[in-house]
Amino acid sequence: MSSQKYGSEQFEGLLERLDAITDLIKSEAPASEALGRPTDKVHQALLESGAYLIATPAELGGLEGSPTQVLQTVEKISYADASTGWSAMALLTLTGVAGAYLEDNNVIAELFRDGKYPLCAGQGTFPGSAVRDGDGYRISGHWRFASGFPLATHAFTAALTDDTGEMRIFIHPRDTVTEVDNWDVIGLRATGSIDYIGEDVYVPANYSFNVVTTDPVRGGAYYRLGVAGAAGVQHGAWALGVGRRLLDEMKELAAKRSKNPGSPINSEEFYAEFARAEAKFRSARAFLMETYRDLEPFIYAGEPLTQEQESLTRLALTNATWSVHEVSVFVHRWAGADVMRNTPVQRVWRDLHAGTQHASSGPSVVQSCGLMLSGLAPEGSQWIFFDLVKPQPAEPVLDPVGV
């Protein structure tokens with residue numbers, strides 16, 4: 001594969017700015033959790049860093065990073081605080097794909113102008129309904145898990161259209177829906193992943209696009225991954241940031257406890273388990289990075305991904321998530337009271353166990369990856385979001401003579 005560098009030339013500067021605010025994000029994490037969203041200080045720091053623009057097309061003022069650059073951005077924010085990373089992941093993904101896929105340039109000129117841009121959050125997988133009304137649609141539904149919604153300016157809402165039967169994404173002001181303050185959870189508390197309800201919300205048709213498109217109107221290679229592909233990059237990145245933080249927290253605890261001669265930390269068993277956890281994490285990170293590095297030459301050349309390549313992206317994501325879960329089991333075993341008390345390691349541990357429940361890392365995903373990669377999937381099977389859709393068998397043709 002080519003060693004050519006893809007993505008934004010501004011990426012290194014973004015990483016430096018994120019390094020400069022890492023301590024702020026860490027220190028604000030307890031307040032963010034109590035607030036149910038990243039604090040204003042954290043949100044403003046991320047805005048000023050340009051992190052929310054890493055996945056936005058360059059022609060709209062974004063950084064338009066490559067898949068591996070987007071991955072490293074989300075990884076770094078998630079290391080500082082898992083909930084803040086999850087919220088940022090949702091906002092920067094949905095904002096970027098809205099800019100890439102909305103077709104009407106007048107709409108884009110309204111949303112992205114004078115150096116300003118919308119922040120989109122919502123639900124793009126579980127659809128409501130959309131009834132055609134003149135030049136637009138009236139959308140209704142109850143949407144769940146709208147991560148980042150308290151920081152958004154616009155809702156990113158999936159709905160099934162009554163005229164074409166397709167599922168479309170509708171971009172509309174956040175204040176056009178009713179927010180449901182029901183995010184009472186054990187982990188990822190600061191993501192603000194609330195529900196929202198809409199009833200006959202009118203949205204002009206040109207503020208919508210087909211949810212499964214992989215043909216960007218503006219922007220380049222990154223957006224040929226589609227909404228699901230873009231989300232997959234970032235969910236794997238989130239897991240990596242959390243895994244590295246857990247291991248570093250455990251390392252700090254070990255340094256403190258090793259001063260006590262009677263501590264179980266001073267044992268060959270701990271040394272071996274730490275080494276295995278480190279290897280597990282690094283292997284998962286290497287697989288995820290390798291997967292997207294190998295894809296970049298194809299998508300930058302405008303070539304569609306094969307179903308095998310699509311499968312590898314899903315497998316690398318689920319492998320990262322569940323490898324980090326195994327790391328968390330190791331940390332839970334050796335962290336002692338620190339994982340019970342209100343400490344950073346406990347908060348990160350809780351956030352990780354909430355994140356593993358996302359549909360992108362569900363049991364059926366890895367099963368489908370195995371089906372495809374083993375060559376046993378029926379011909380014509382294809383990935384739609386995180387489901388491997390198999391072709392429907394043809395209806396039997398009855399011989400009228402034999403009836």
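Residue indices begin at 1 and follow the sequence shown.
Defined by atom type and a distance below 3.5 Å, a donor-acceptor pair is missing between the side-chain atoms of Ser263 and Arg257. A donor atom on one side chain and an acceptor atom on the other are not found under 3.5 Å apart for Asn182 and Arg144.
With contacts defined as side-chain heavy-atom distances shorter than 4.5 Å, the pair Trp349/Glu249 does not qualify. Residues Thr93 and Val74 form no side-chain contact, since every pair of their non-hydrogen atoms from C-beta on lies 4.5 Å or further apart. Side-chain contact between Tyr101 and Ile169 is absent, with no heavy-atom pair separated by less than 4.5 Å. By the 4.5 Å heavy-atom criterion applied to side chains, Tyr207 and Glu110 are counted as neighbours. In this structure, His332 and His353 have side chains that are not in contact, with every pair of non-hydrogen atoms separated by 4.5 Å or more.
Figure legend: Arg138 and Tyr202 shown without cation-pi pairing, the cationic atom not lying both under 6.0 angstrom from the six-membered ring centre and within 45 degrees of its axis.
The backbone N or O of Ala146 sits nowhere less than 3.5 Å from a side-chain atom of Gln123 that would complete a donor-acceptor pair. In this structure a side-chain-to-backbone donor-acceptor pair under 3.5 Å is present from Asp162 to Arg132. Remark: side-chain polar atoms of Trp183 are paired, donor with acceptor, to backbone N or O of Leu188 under 3.5 angstrom. A side-chain donor-acceptor contact under 3.5 Å links Trp322 to the backbone of Ser361.
Under 4.0 Å is where a charged nitrogen must lie from a carboxylate oxygen, and between Lys256 and Glu252 no such pair does. Checked for salt-bridge contact, Asp81 and Arg245 miss the test: no charged N lies under 4.0 Å from a carboxylate O. Between Arg244 and Glu278 there is a salt bridge, since a side-chain N of the basic residue sits under 4.0 Å from a carboxylate O of the acidic one. Under 4.0 Å is where a charged nitrogen must lie from a carboxylate oxygen, and between Asp387 and Lys390 no such pair does.
The number of heavy-atom neighbours closer than 6.0 Å to NZ of Lys41, taken from other residues, nucleotides and ligands shown, is 12 or below. Atom CD of Glu308 sits in a sparse spot, with 12 or fewer heavy atoms from other residues, nucleotides or ligands closer than 6.0 Å. The environment of Lys280 atom NZ is sparse: at most 12 non-hydrogen atoms of other residues, nucleotides or ligands sit within 6.0 angstrom. Within 6.0 Å of the CD atom in Glu59, the count of heavy atoms belonging to other residues, nucleotides or ligands exceeds 12. The number of heavy-atom neighbours closer than 6.0 Å to CG of Asn260, taken from other residues, nucleotides and ligands shown, is above 12. A 6.0 Å sphere centred on CZ of Arg17 holds more than 12 heavy atoms belonging to other residues, nucleotides or ligands. Annotation for Ile186: atom CD1 does not count as buried by contact number, only 12 or fewer foreign heavy atoms lying within 6.0 Å. Other residues, nucleotides and ligands contribute over 12 non-hydrogen atoms within 6.0 Å of the CD atom of Glu303.
No close placement of the His142 and Phe126 rings is indicated, their centers lying 6.0 Å or farther apart. Checked against the 6.0 Å centroid threshold, Trp238 and His235 do not count as a close aromatic pair.
Here the straight-line distance linking atom NZ of Lys251 with atom CG of Leu246 works out to 14.5 Å at 0.5 Å rounding. Taken to the nearest 0.5 Å, the CD1 atom of Ile139 stands 5.0 Å off from the OG1 atom of Thr157.
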Stepwise side-chain hydrogen bond (donor to acceptor under 3.5 Å, both in side chains) test for Asp338 and Thr343: CA-CA 6 Å; Asp338 279 78; Thr343 60; 4.6 Å; no
Let's go through Leu111 and His154 carefully: what are the C-alpha distance in whole Å and the side-chain angles of both, what is the deciding distance for side chain to side chain contact (heavy atoms under 4.5 Å, CB included) to 0.1 Å, and is it a yes or a no? CA-CA 10 Å; Leu111 295 174; His154 287 71; 3.6 Å; yes
Can you check side-chain hydrogen bond (donor to acceptor under 3.5 Å, both in side chains) on Ser311 and Trp383, steps first, answer last? CA-CA 8 Å; Ser311 298; Trp383 286 98; 2.9 Å; yes
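In terms of the side-chain contact (heavy atoms from CB on, under 4.5 Å) criterion, residue partners of Gln69 (sequence neighbours excluded) are, by chain and number, Lys5, Ser8, Phe11, Ser66.
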